Amino acid sequence: MRYQKMFETKKANNELAYIPFVLLGDPTFDHSFQIIEKLIESGADALELGFAFSDPVADGPVIQEASLRPLDNGFSLKDGFVLIQKVRKQYPDIPIGILTYANLVFAQGISHYYAMAQEAGVDSVLVADCPVQEASLFAEQAAAHNIDTVFIAPPDATDETLGQVAKHSQGYTYVLSRKGITGTEVSANQAKTDFLEKLRAFNSAPLVQGFGISTAEHVYQAAEAGVDGVITGSALVKIINQYYNEPQIMLDAIAQYAKTIATAAHQAHNLIREGLINVDSGNDQRTTVGHGATS
Amino acid sequence: MTTAVESQYEYQGPYIGQYGGQFVPQILMPALQQLEEAFENSLIDQEFQSELTRLLNDYAGRPTPLTECSSFAKQNGVRVFLKREDLLHGGAHKTNQVLAQALLAKRMGKNRIIAETGAGQHGVATALACALLGLEATIYMGSKDIDRQAPNVFRMKLMGANVIAVDNGSGSLKDAINEALRDWAASYDATHYLLGTAAGPHPFPKMVKTYQKIIGEEAKQQMLEQIGQLPDAVVACVGGGSNAIGIFADFIKEKNVQLIGVEPAGKGLDSKEHGATLIKGTEGIIHGARTQTLQTEEGQIVESHSVSAGLDYPAVGPEHVHLMKTGRAQYVGISDDEALEAFQELSRTEGIIPALESSHALAYVKKLAEEATVPMNILLNLSGRGDKDLTMVMDELAQRGKS
């Protein structure tokens with residue numbers, strides 16, 4: 001219910017939701033908690049928290065590099081859930097999603113995994129290597145433990161797949177900006193409007209765009225395309241990769257970045273409506289009226 | 001008509017029993033769906049099949065011979081027959097399925113091929129097929145493996161392939177597979193991922209089996225011609241499991257034929273350094289399939305070990321898990337030392353230098369023969385030749401003070 005409430009509020013305020021992604025336990029338990037605090041204080045509307053996996057096949061180099069830290073530190077699955085529980089205690093209303101890999105769920109015993117997630121106060125689980133076609137493996141236990149299952153809608157999926165994703169994805173639907181893996185090396189494309197329309201026609205949960213979103217410009221493009229929220233992952237994790245040995249610098253940089261993206265997400269519709277920005281969907285450029293005209 | 005027992009051993013959609021499936025990021029599903037469709041269509045396309053047969057016969061050298069050992073493991077009435085995939089062009093069974101997949105890629109209009117390789121055998125096979133068929137080849141290889149396998153890296157480059165070092169994770173075969181999958185997630189419009197073994201997401205295990213089953217079909221015919229009966233046991237080494245499923249496939253329905261897969265026990269099944277995924281691993285989901293894998297209690301995949309790079313893989317093709325769980329096939333372990341011994345013995349007794357992978361199967365056959373109480377005819381898949389392993393074996397023997 002937390003997602004529904006959050007998205008309803010966002011809609012009422014004409015805002016996009018901002019959902020940052022970070023890895024749990026990166027770089028340490030305590031700093032990871034502080035990072036999450038910063039994200040929420042800087043305007044995050046929900047959280048997407050990842051568990052590090054030895055074989056993160058959906059992730060680009062930035063998150064791969066970061067994954068090694070919790071793994072090398074022996075940060076366990078249990079530690080991850082303890083950390084989530086701590087966040088939940090402090091922020092009872094924020095929707096919390098987990099991003100994980102199939103084997104990490106499977107190895108615990110599926111039922112046990114979802115029980116732990118429920119106990120920690122998790123709202124949704126997205127299994128990065130479980131397409132909607134394999135949904136049945138986890139669906140029963142997720143439902144039994146009142147956990148939403150999020151699926152991903154890729155830009156070139158067939159109508160049949162989009163229909164399945166819309167039908168099964170709960171909490172929100174993760175729409176991809178582009179093909180490939182996570183990372184900022186390849187920028188987001190503005191989501192194809194027809195693909196978003198199809199998802200809506202199939203009564204999809206709110207649409208949240210991710211993969212390659214790292215700047216306010218990308219957020220404006222996403223707003224223009226009509227999604228309900230944006231996820232940034234690699235851009236944040238890149239800051240942690242760079243400054244994990246200097247926690248204060250890291251936390252400040254994270255707060256500053258999160259504020260930029262959260263502000264863009266919260267103001268995008270108003271800025272576009274007031275004609276203060278023009279979103280050029282053809283490429284990665286944005287022209288700010290008043291500045292852009294002369295440049 | 002197939003009986004219930006037979007259909008138990010057939011794929012139901014992406015699954016064989018409860019194993020297999022398509023556990024990949026959603027973004028890769030269109031690529032797998034497209035591949036599956038092209039693969040199924042190619043099976044009934046006469047033109048495709050005759051082109052493949054022509055390549056296998058005139059380019060790769062099929063059919064390969066069946067050679068009865070003159071003295072290797074010849075005791076207690078045991079006769080050993082070697083299916084000579086070592087004589088196939090490229091030096092191993094890999095060429096069978098690489099030619100088929102490359103041809104399939106062409107048929108799908110994809111001009112770029114990506115592949116993973118451990119020690120470089122599958123990379124070399126992919127490079128030769130791409131050179132022959134005019135395709136662009138990009139091979140992902142762990143950086144540690146690149147250092148250790150300079151001759152194979154050179155072979156690949158000589159045949160025009162682009163070799164990319166993979167540094168992430170453990171920098172080994174499993175990470176090269178991850179990297180190839182990542183490439184494919186963005187590139188599948190014009191790129192085919194030529195997976196090298198009977199593992200990975202559907203349709204790869206089924207496809208690789210289909211393209212390797214010619215080994216068992218030929219061998220069955222040759223056994224009948226040479227001794228007028230089927231073998232009592234079929235033995236093959238298992239890493240990912242492609243040569244084993246290739247020689248097993250046509251015998252699965254022959255209930256009196258024992259099927260035995262030999263896994264790398266490395267430094268011992270009770271040590272942490274082995275690659276015995278079926279014997280010592282646990283159920284998990286890795287590289288797109290529900291299968292068995294070597295993992296921690298938390299589900300992190302761990303590195304395997306084997307003296308033989310081709311068997312050094314911490315997962316296994318899902319069909320082998322099914323064959324094991326249903327009791328149709330039996331899986332055993334052979335250590336590095338035992339394999340090295342068999343490597344030397346076959347060289348000495350038969351004048352055939354076997355691949356270290358196949359040496360695991362040979363070592364187990366030796367044990368079988370020693371313990372045999374009744375006469376037995378054993379069919380063994382000699383999946384590759386050992387020239388590629390000479391440096392490795394020289395080093396290993398030097399370390400053991402035997403050279």
Side-chain angles (χ1 to χ4, degrees), chain A residues 51-61 64-65 67-68 70-71 74-80 100-109 113 126-134 136-137 151-158 160-161 164-165 169 174 176 178-183 185-186 211, chain B residues 13-15 18 20-34 36 166-170 172-189 191 200-202 282-291 293-303 314-315:
Chain A
F51 280 92
F53 180 46
S54 54
D55 294 76
V57 74
D59 287 307
Q64 286 176 49
E65 184 188 332
S67 299
L68 297 176
L71 291 174
F75 184 87
S76 70
L77 198 82
K78 205 177 151 207
D79 293 335
T100 189
Y101 283 87
N103 200 49
L104 296 180
V105 181
F106 193 81
Q108 292 299 318
Y113 185 92
L126 195 175
V127 182
D129 53 349
C130 182
V132 71
Q133 286 82 355
E134 298 287 1
S136 61
L137 183 61
F151 288 100
I152 289 182
D156 58 351
T158 59
E160 192 191 340
T161 299
Q164 289 292 310
V165 168
S169 197
Y174 195 134
L176 295 192
R178 53 159 173 77
K179 288 201 270 189
I181 49 177
T182 62
E185 293 78 12
V186 184
F211 275 35
Chain B
Y15 282 88
Q18 58 176 325
Q22 298 181 305
F23 290 91
V24 294
Q26 190 79 51
I27 192 83
L28 270 172
M29 287 303 291
L32 294 178
Q33 286 161 344
Q34 185 189 28
E36 182 176 9
V166 178
D167 283 315
N168 27 25
S170 52
S172 65
L173 174 61
K174 78 179 177 70
D175 306 287
I177 295 179
N178 293 336
E179 207 51 30
L181 285 168
R182 290 180 187 119
D183 179 319
W184 206 32
S187 66
Y188 59 77
D189 282 342
T191 297
H202 179 74
T282 47
E283 232 184 272
I285 296 171
I286 180 67
H287 293 147
R290 180 167 174 181
T291 183
T293 183
L294 301 177
Q295 58 184 323
T296 66
E297 276 182 13
E298 291 224 322
Q300 307 292 355
I301 309 302
V302 299
E303 277 186 74

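Per chain, numbering begins at 1; letters A, B, ... match sequence-line order. Only a predicted model underlies this, so the values are computations on that prediction, with no experimental measurement involved.
- For the side-chain hydrogen bond (donor to acceptor under 3.5 Å, both in side chains) test, residues two or more places apart in sequence or in another chain that qualify with B/E283 are B/Y19, B/R290.
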| message | Run the side-chain contact (heavy atoms from CB on, under 4.5 Å) test on B/K174 and A/D55 for me, step by step, so that the C-alpha distance in whole Å, both residues' side-chain angles and the decisive distance to 0.1 Å come before the verdict. | response | CA-CA 8 Å; B/K174 78 179 177 70; A/D55 294 76; 3.1 Å; yes

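- Residue A/F53 comes nearest to B/G299 through the heavy atom pair CE1-O, 3.3 Å, listed as atom of the first residue, atom of the second, then distance.
- With contacts defined as side-chain heavy-atom distances shorter than 4.5 Å, the pair B/R182/A/Q64 qualifies.
- For the pair A/F211/B/I27, no side-chain contact is recorded, criterion being any heavy-atom separation below 4.5 Å from C-beta on.
- A distance of 3.5 Å separates CE of B/M29 from CD of A/Q133, quoted to the nearest 0.5 Å.
- Residues A/P61 and B/E179 have side chains not in contact (no heavy-atom distance under 4.5 Å, counting atoms from C-beta outward).
- Contact check for A/Q164 versus B/Q26: no side-chain heavy atoms found under the 4.5 Å cut-off.
- Closest non-hydrogen pair, A/K179 versus B/A185, comes out as CB-O, 3.5 Å.
- Here the side chains of B/N168 and A/E65 are not in contact, with every heavy-atom distance at 4.5 Å or above.
- Checked against ring-ring contact (aromatic ring centres under 6.0 Å, His included), B/Y188 has no partners two or more places apart in sequence or in another chain.
- Interface remark: of the candidates A/S67, A/S76, A/A157, A/S76 forms the most heavy-atom pairs closer than 4.5 Å to chain B.
- Of the residues considered (B/D175, B/D189, B/L28, B/T296), B/D189 shows the highest number of contacts with chain A, using heavy-atom pairs under 4.5 Å.
- The CZ atom of A/F106 lies 9.0 Å from the OG1 atom of B/T282; values are rounded to the nearest 0.5 Å.
- Considering only heavy atoms from C-beta on, A/I152 stays 4.5 Å or farther from B/P25 through its side chain.
- Residues A/L71 and B/Q300 are in side-chain contact: their nearest non-hydrogen atoms beyond the backbone lie under 4.5 Å apart.
- For the atom pair OG1 (B/T293) and CG (A/N103), the distance works out to 6.5 Å, reported to the nearest 0.5 Å.
- Options A/G60, A/A128, A/A58 differ in how many heavy-atom pairs under 4.5 Å they form with chain B, and the most are formed by A/A128.
- Interface residue B/I301: backbone and side-chain heavy atoms are both found under 4.5 Å from chain A.
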